[in-house]
Number of protein chains: 2
Amino acid sequence: MGRTVGEVAALGAVSVRTLHHYDAIGLLSPSERSPAGYRFYGDADLERLQQVLFFRELGFGLAEIGRIMSDATFDRLEALLLQRRMLEEKARQLGHMIDAVDDAVDAMEKGEVMDDKDMFEVFGEFDPKQYEQEARERWGSTDAYKESVERAKKYTKDDWKQVKDDQERVSLAFADAMGRGLPADSREAMDLAEEHRLQIDRRFYPCSHQMHVGLGTMYVADPRFARHYDDFRPGLAQYVCDAIRANAKRAG
Amino acid sequence: MGRTVGEVAALGAVSVRTLHHYDAIGLLSPSERSPAGYRFYGDADLERLQQVLFFRELGFGLAEIGRIMSDATFDRLEALLLQRRMLEEKARQLGHMIDAVDDAVDAMEKGEVMDDKDMFEVFGEFDPKQYEQEARERWGSTDAYKESVERAKKYTKDDWKQVKDDQERVSLAFADAMGRGLPADSREAMDLAEEHRLQIDRRFYPCSHQMHVGLGTMYVADPRFARHYDDFRPGLAQYVCDAIRANAKRAG
DNA sequence: ACTAGACCCTGACGTTACGTGAGGGTCAAG
DNA sequence: CTTGACCCTCACGTAACGTCAGGGTCTAGT
C-alpha cells in the first residue's frame, strides 16, 4: 500500500492540489487507486516525481517534462546527468548575478551610471530552452522519431536485452581497439562508431552524424558517462568521442 | 529623450508586453510620455527596473516588489545587499540540489531505494517568503508603520539631511566610545544604541528591540554594511551590534 | 505630399500552474 | 453510531505575462 496524497505532500515538495493536477494532466499518476478513488503512490512514482521536480526547478514546462519523460528511450540516469549539468549552469549564472549586484553597488558608490546593456545582460542568461533543444535531440521530436517511439513501444523484454547486449558489445569492441593501439580515426574505430550510430538510428530515432557528435561530446563531458566508458578501459570515453568525430568527418 | 519600450526590451531582460504590464500595475512607469503616448524610460527608470528584476529573479511577487520599493525608507544599497545575500543562499541551494542528483545517481547504481524525505527535502529549500518577512521588518508593513510612511512622505530635503546627520553623529559617537575602550555593554554604549533605535522608531517605523537586534546582526553580516561602519573605525560594526544586543538585554 | 515599414498605443482573450473553496464520500478510533 | 482527519471531483480565481486585433506615429524614400 503506497502513500496518500497527503503523505506525499507532507514531504514538503508539492501540495495535494499539485498532485491532483499532475494526475489530471497525465504527468504523474499514482500506480494504485482504492475502490473509493484514493490515490496511492509507490516508490517508482516518487522517483518519477523527483525527476519531474528537478526538471521543473530548471524551468521546463510541465508539458515538456511529460513529453521528455514519456519517451521510450528516456533514461533516468541520462536525465539526471543532464539535470546536473543544467543545475551547474544555473549556479554559474547566479554567480554572475552576484557579480552584477556588486557592479551595481560599485556604480552607486562612485555616482556613475551603468551601461544599459551591462545592467541587464545577466537576466535571462539561463535559458531552459537551450536544454530543451538538447533533450529533444536526445529524445527526439520529429514525426519520424515519433514513429520510432511507436516501434520501440513494441519491444519485448528480450528486445531490450538485445539492445543492451549490442551496446555492451560495441563498448567492449571499442575498448579492444583502443587496447590494440588503433587510432580513433582508424577504419576499425570509425566502423565501430558507425555501428554505434546505426544502432541508435535503427532502434530508436534518426541519429544524424551531427547528433552523434553531440552525444560523443556528452560522453566525455558528463563525469558519470565518462566513468561508464572509462570503467571498460581508462580513457575510453575520449576515444569513443574521437572515433565518433572521425566517423562524422569521414561521412562528410 | 529616453528609451522606447522596444529599446528597453532589446536589452534582453523583459518584453514590451512586460513593460506595459509593469506600467499598468504601477510597478515601473516611464518618467516621460510623448504627446502620442509613447513611453520613454530614463536612467533612473532602468535602475529601478534592474532592482525589480533582481527581486523577481529571487521569487518575489510583483505586488510585493512594488510594496517594498514604494516604501519611503527603501534604500537601494540596502536592497542590493539583501538581494546579494538571497542570491548566495539560492546558489547554496543549487549546490544542495546537485548533491541530491548525485545521491539519486548513487542510489540507482546500487539498486537502492532512497528514503522518501531525503528525496524531496531539497525542493522548496529556498523560500523567498523568509526574505519577504525580513524585507517587511526592514521596511515594515503594519498600520502603525504605514502611518510613519505617511509621516516620512512629508519630510523635506532638510528633514532628510537632519536624519542623515543624526545617523552620522551616532556612528561617530559609537566610534568614539569604542576608541575610549568602553565595553559594548557599558551604559554609554547602550545609551547610544537606544538613541539609534529611537531615531528609527520616531523617524520611520516602530523598531522593537527585537527588530533592532536583527538590524545589528545585518550590520555585521553584510560586508558592505560592515565596511560602512568599519570605515569609521575598524571593528565598529561588531561593536554596534554588540551594543544593540546589550541594550536589548537591558530592556528585558 | 504620399507611401511603406518599423514601431508605438490600448484593449482583450488565452496560457500555465496551480490556490482556494464547495459539496460530499471514506476511514479509523472512540 | 459519531467524530475528526483525510480523501474525492468540480470549478472559479490568481499571477504574470504571451499573443493578437485594430489603429496611430514616425521616419526615410520616392
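Each chain gets a letter, A, B and so on, in the order its sequence line appears, and its residues count up from 1. What's counted below: heavy atoms across the whole structure, side chains too, no hydrogens, waters or symmetry copies.
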**Prompt:** Reckon B:Tyr22 has a side-chain N or O less than 4.0 Å from the OP1 or OP2 of D:dA16?
**Reply:**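 False: B:Tyr22 side-chain N/O out of range (4.0 Å or more) of D:dA16 OP1/OP2.
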**Message:** I want to verify a distance call: between D:dC8, C:dC9, D:dA16, whose nearest atom is closest to the A:Tyr38 side chain?
**Reply:**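 Closest nucleotide among those given: D:dC8.
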**Request:** Kindly give the heavy-atom pair with the smallest separation between B:Leu53 and B:Ala13, and that separation in Å.
**Result:**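 So the minimum-distance heavy-atom pair works out to CD1-CB, 3.6 Å.
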**Asked** So, is B:Thr4 close to the C:dC7 phosphate, meaning a side-chain N or O under 4.0 Å from OP1 or OP2?
**Response** no
**Between C:dC7 (P) and B:His20 (NE2): distance, integer Å** = 14 Å
**Request:** Mind calculating the distance between CG (A:Leu53) and C1' (C:dA17) to the nearest angstrom?
**Result:**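 Those two atoms, CG and C1', are 13 Å apart.
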**Request:** Specify the residue among B:Arg17 and B:His21 whose closest nucleotide of DNA chain D lies further upstream toward the 5′ end.
**Result:**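 Going by which nucleotide is closer to the 5' end, it is B:His21.
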**Closest-nucleotide 5' rank along DNA chain C - winner of A:Ser15 and B:Arg33** = B:Arg33
**Request:** For the side chain of A:Arg39, starting at C-beta, report the closest nucleotide among C:dC8, C:dC18, D:dT9.
**Result:** D:dT9
**Asked** Does B:Arg56 have a side-chain nitrogen or oxygen under 4.0 Å from the phosphate oxygens OP1 or OP2 of D:dC17?
**Response** yes
**Request:** Quickly work out the A:Leu19 CG to D:dC6 C1' distance and round it to whole Å.
**Result:**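 In whole Å, D:dC6 C1' and A:Leu19 CG are 14 Å from each other.
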**Asked** Whole-Å distance between C:dC9 C1' and B:Asp23 CG?
**Response**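 Those two atoms, CG and C1', are 11 Å apart.
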**Asked** Rounded to the nearest 0.5 Å, how far does CZ of B:Arg56 lie from OG1 of B:Thr18?
**Response**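 Reported to 0.5 Å precision, the distance equals 6.5 Å.
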**Message:** Between B:Asp23 and B:Arg33 (salt bridge meaning N to carboxylate O under 4.0 Å), is one present in this structure?
**Reply:**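 Result for this pair is yes, salt bridge flagged.
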**Prompt:** Going by an N to O cut-off under 4.0 Å, is there a salt bridge joining A:Glu89 and A:Arg92?
**Reply:** yes
**Message:** Can a donor-acceptor pair be found, under 3.5 Å and without considering hydrogens, that links the side chain of A:Glu7 to the backbone of A:Thr4?
**Reply:**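 Present.
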**Request:** Using only side-chain N and O atoms of B:Ser34, determine if any of them is under 4.0 Å from OP1 or OP2 of D:dT25.
**Result:**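 Indeed not, no polar side-chain atom of B:Ser34 lies that close.
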**Request:** Send over the distance from A:Ile65 CD1 to C:dA17 P, rounded to a whole Å.
**Result:**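 Those two atoms, CD1 and P, are 8 Å apart.
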**Whole-Å distance separating the CD atom of A:Glu7 from the P atom of D:dC6** = 10 Å
**Message:** C:dC8, OP1 or OP2 - any side-chain N/O from B:Arg3 closer than 4.0 Å?
**Reply:** no
**Request:** Tell me whether the OP1 or OP2 atom of D:dG18 has a side-chain N or O from B:Thr18 closer than 4.0 Å.
**Result:**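 For B:Thr18, the contact criterion (side-chain N or O under 4.0 Å from OP1 or OP2 of D:dG18) is met.
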**Request:** Take atom CD of B:Glu32 and atom C1' of C:dC8, then tell me their distance rounded to the nearest Å.
**Result:**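 Nearest whole value for this atom pair: 16 Å.
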**Asked** Given D:dT25, C:dC8, D:dG18, which nucleotide is nearest the side-chain atoms of B:Ala36?
**Response** D:dT25
**Request:** Figure out the CD/C1' separation between B:Glu64 and D:dA16, and round it to whole Å.
**Result:** 16 Å
